[in-house]
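Before any comments, here is the structure.
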Amino acid sequence: MSRTWWDLSSRKRRARSRLPGADLAAHLARSGLIDEYRLYIHPVVLGGGKPYFQSGLSLTLKPLGKESLTQGVTLLRYAPAG
């Protein structure tokens, strides 16, 4: 049985609603389902919060590029090295 785009899209929405951002990112990384990481570095100081990359998650990444955006934002792009 083939799955339509809508079936897969609704499954992704359900998965997102069950896992907070950092937990979802860690699960996808461990499963090898991330092709590229895009990190936007903003020039602000924040107090605290949950780290996006969980402790115990080891990533080997290769740099793909760096881009300076407006308002001092820097985009860093990485791909899994493995």
Taking only residues two or more places apart in sequence or in another chain, which ones pass side chain to side chain donor-acceptor pair (under 3.5 Å) with Glu36?
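For Glu36 the side chain to side chain donor-acceptor pair (under 3.5 Å) partners, ignoring immediate neighbours, are Arg38, Arg77.
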Decide whether [X] and [Y] are clustered together by the hydrophobic rule: side chain heavy atoms of Ile, Leu, Val, Met, Phe, Trp, Tyr closer than 4.5 Å, transitively.
{"X": "Leu75", "Y": "Val73", "answer": "yes"}
{"X": "Leu61", "Y": "Leu39", "answer": "yes"}
{"X": "Leu59", "Y": "Tyr78", "answer": "yes"}

Mind checking the CD-OH spacing from Glu67 to Tyr40? Nearest 0.5 Å is all I need.
8.0 Å
Just jot down the side chain to side chain contact (heavy atoms under 4.5 Å, CB included) partners of Leu28, sequence neighbours excluded, or say none.
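Per chain and number, Leu28 pairs via side chain to side chain contact (heavy atoms under 4.5 Å, CB included) with Leu24, Leu33, Ile34.
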All side chain to side chain contact (heavy atoms under 4.5 Å, CB included) counterparts of Thr70, not counting sequence neighbours
none
Restricting to non-hydrogen atoms, name the atom on Gly72 and the atom on Pro43 that form the minimum distance, rounded to 0.1 Å.
O-CD, 3.8 Å
